Amino acid sequence: MADSLSLPIAPIAANYDHSSLLSRNPAFSSRLLPSKCFSSGKNKLNLSSLGQYSFHSLHHRVAPIRALDSDVPHPLHKGSVDFKSKKSYEQWDSLTSTFSGAANIPFLLLQLPQIILNARNLLAGNKTALLAVPWLGMLTGLLGNLSLLSYFAKKKEKEAAVVQTLGVVSTYVVISQLAMAEAMPLPHFMATSVVVGSGLILNLLNYYNILNRRIWQIWEDFITVGGLSVLPQIMWSTFVPYIPNSILPGAIAFILAVAAVTMAHTGKLSEKGMKFVGAISGWTATLLFMWMPVSQMWTNFLNPDNIKGLSAISMLLAMTGNGLMIPRALFIRDFMWFTGSTWGTVSYGYANIVCLYIFNSIGREFFIAATVGLISWLGITLWRDTVVHEYESPVRTLKELVFGS
């Protein structure tokens with residue numbers, strides 16, 4: 001993500017009217033440059049003021065993003081980064097991107113054992129073993145990955161988009177194995193393959209700005225309706241058989257999603273309503289992933305003996321992968337991304353480590369190391385972000401994150 005704007009200056013011929021550079025659209029130029037950069041009474045450019053301005057006021061902060069504006073790509077803050085702190089700011093920008101990209105490692109290690117185990121069972125002819133892997137749950141995760149891939153590709157967050165692409169590909173590999181074992185209906189697999197292939201191609205084209213806007217809008221409508229339909233159905237199904245088994249939540253959500261998208265296209269929504277509909281796909285994908293630890297904790301509550309079947313290393317990898325993305329989400333003030341990553345770190349990874357410790361499935365040393373590591377990482381992230389923005393307190397950082405500028 002670019003954090004500053006540099007203006008190359010070419011030689012200018014004598015007696016050339018500098019204002020002609022901007023005279024075709026003076027309103028546009030006044031939005032880019034302050035009034036002191038123009039001579040009084042005229043629309044001419046004051047080059048001396050521009051030179052001073054370019055060094056101090058064109059190094060923009062990344063904007064705090066309101067929750068409904070989370071899908072806006074590359075917003076800029078109205079303020080500016082002081083020139084003396086610009087280096088540390090850019091270093092933290094680069095470092096948070098590196099952390100986000102490094103999340104690929106724990107997430108890949110998290111999925112790889114399942115892929116290898118499935119391959120071994122297929123080669124041994126033991127197709128029955130793959131029935132233990134729920135294809136519907138994998139499909140739900142795949143839809144969440146696709147939705148978040150579209151979200152991050154639109155924002156040009158390359159490292160986060162790569163993480164979601166890896167999630168799509170690795171989950172699709174597992175689903176392909178389930179289809180080969182006849183644990184997933186073939187028509188469902190074929191439809192999934194079309195959606196996955198289309199989604200990857202469309203996101204790649206959109207990332208490089210070579211996709212027709214209308215086609216991208218159709219894709220966004222698809223993941224919006226799909227995500228909003230799946231979320232309440234998954235939440236409802238978690239508590240079956242304590243509540244009746246029903247497709248009603250998903251059906252109602254589907255109707256509401258189609259109605260919302262239709263109203264958005266026909267101009268019957270307010271500006272705030274349009275932003276809300278535009279943010280649905282990203283938020284539903286985030287909530288799908290956030291619901292996974294809730295489902296896991298509910299299962300732990302009903303069947304405490306199942307906790308022994310959890311892998312402490314898998315929970316640590318989940319905590320690490322989500323935790324590595326927190327600094328970047330905080331740095332660019334993406335409340336949705338920050339919420340999902342923090343929830344995954346604390347409620348999925350760390351909460352299950354706590355459960356494993358309570359039931360004596362892991363040692364005290366492992367638990368203490370995970371606890372100290374998590375607290376230290378969150379503290380350092382918040383402290384460092386406060387320092388590079390030159391704030392007096394991390395309270396301002398959190399305020400910007402939640403409420404925007």
Side-chain angles (χ1 to χ4, degrees), residues 1-3 62 65 70-74 90-115 138 140-176 192-193 195-211 216 219-220 223 227 281-283 285-286 288-290 292 314 317-334 336-345 348-349 377 381:
M1 178 178 289
D3 295 310
V62 178
I65 305 173
S70 289
D71 64 336
V72 177
H74 293 308
E90 290 181 343
Q91 286 176 343
W92 185 237
D93 179 14
S94 176
L95 200 55
T96 56
S97 294
T98 302
F99 289 149
S100 180
N104 280 296
I105 299 173
F107 284 138
L108 179 60
L109 294 175
L110 194 62
Q111 191 74 286
L112 200 57
Q114 185 66 61
I115 295 174
M138 300 300 296
T140 301
L142 182 64
L143 179 60
N145 283 128
L146 273 175
S147 297
L148 288 178
L149 171 59
S150 300
Y151 174 80
F152 289 120
K154 182 177 179 179
K155 295 188 68 172
K156 301 297 186 287
E157 281 291 332
K158 181 177 66 175
E159 292 80 7
V162 171
V163 171
Q164 298 306 323
T165 301
L166 179 63
V168 171
V169 174
S170 60
T171 305
Y172 180 73
V173 170
V174 175
I175 286 179
S176 300
T192 301
S193 300
V195 171
V196 169
S198 301
L200 291 176
I201 293 173
L202 292 176
N203 277 286
L204 179 64
L205 295 177
N206 185 63
Y207 182 84
Y208 290 104
N209 300 314
I210 53 178
L211 182 68
W216 178 251
W219 170 253
E220 284 197 317
I223 58 177
S281 61
W283 274 105
T286 300
L288 276 171
F289 286 113
M290 289 175 66
M292 290 174 63
S314 294
L317 288 171
M319 185 180 80
T320 304
N322 283 288
L324 283 170
M325 293 192 287
I326 291 176
R328 185 64 185 175
L330 180 63
F331 178 75
I332 67 171
R333 302 297 190 264
D334 190 324
M336 188 200 78
W337 189 8
F338 181 85
T339 302
S341 297
T342 305
W343 182 267
T345 301
Y348 186 57
W377 179 253
T381 296

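Small disclaimer: the values here were computed from a predicted structure and weren't measured.
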Side chains of [X] and [Y]: does their closest heavy-atom pair fall under 4.5 Å?
X: Met319; Y: Trp377; result: no
X: Tyr151; Y: Gln164; result: no
X: Glu157; Y: Val163; result: no
X: Asn206; Y: Trp219; result: no
X: Glu159; Y: Phe99; result: no
X: Thr339; Y: Trp283; result: yes
X: Phe331; Y: Thr381; result: no

So, taking the atom named [atom1] in [X] and the one named [atom2] in [Y], what distance separates them when rounded to the nearest 0.5 Å?
X: Leu146; Y: Ser281; atom1: CG; atom2: OG; value: 11.5 Å
X: Thr345; Y: Met325; atom1: OG1; atom2: CE; value: 7.5 Å
X: Thr342; Y: Asn322; atom1: OG1; atom2: CG; value: 9.0 Å
X: Leu200; Y: Thr165; atom1: CG; atom2: OG1; value: 6.5 Å
X: Leu143; Y: Leu288; atom1: CG; atom2: CG; value: 6.5 Å
X: Gln111; Y: Leu317; atom1: CD; atom2: CG; value: 12.0 Å

**Request:** Please confirm whether Trp337 and Phe152 have ring centers closer than 6.0 angstrom.
**Result:**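 Judged by ring-centre distance (under 6.0 Å), Trp337 and Phe152 do meet the cut-off.
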
**Item:** Worked verdict on Phe289 versus Asn145 for side chain to side chain contact (heavy atoms under 4.5 Å, CB included)
**Value:** CA-CA 9 Å; Phe289 286 113; Asn145 283 128; 3.6 Å; yes

**Request:** Begin with the C-alpha distance, continue with both residues' side-chain angles, and end with the deciding distance and a verdict on side chain to side chain contact (heavy atoms under 4.5 Å, CB included) for Leu211 and Leu204.
**Result:** CA-CA 9 Å; Leu211 182 68; Leu204 179 64; over 6 Å; no

**Request:** Output yes when a side-chain donor or acceptor of Ser100 lies under 3.5 Å from a complementary backbone atom of Thr96, and no otherwise.
**Result:**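 Between the backbone of Thr96 and the side chain of Ser100 there is no qualifying donor-acceptor contact (under 3.5 Å).
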
**Request:** Verify, without hydrogens or angle tests, whether Ser170 (side chain) and Gly167 (backbone) share a donor-acceptor contact under 3.5 angstrom.
**Result:**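 Yes: the side chain of Ser170 pairs with the backbone of Gly167.
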
**Side-chain donor-acceptor contact under 3.5 Å, Thr192 with Tyr172** = no

**Prompt:** In this structure, are over 12 heavy atoms from other groups packed under 6.0 Å from Leu109 atom CG?
**Reply:**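 More than 12 within 6.0 Å, yes.
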
To check you understand the geometry: which heavy-atom pair defines the closest contact between [X] and [Y], and what is its length?
X: Gly144; Y: Ala285; answer: O-CB, 3.6 Å
X: Pro106; Y: Leu324; answer: CG-CD1, 4.3 Å
X: Leu330; Y: Arg333; answer: O-NH1, 2.6 Å
X: Gly282; Y: Leu148; answer: O-CD2, 3.9 Å

**Any residue meeting side-chain hydrogen bond (donor to acceptor under 3.5 Å, both in side chains) with Asn203, in chain and number order, not counting sequence neighbours** = Ser150

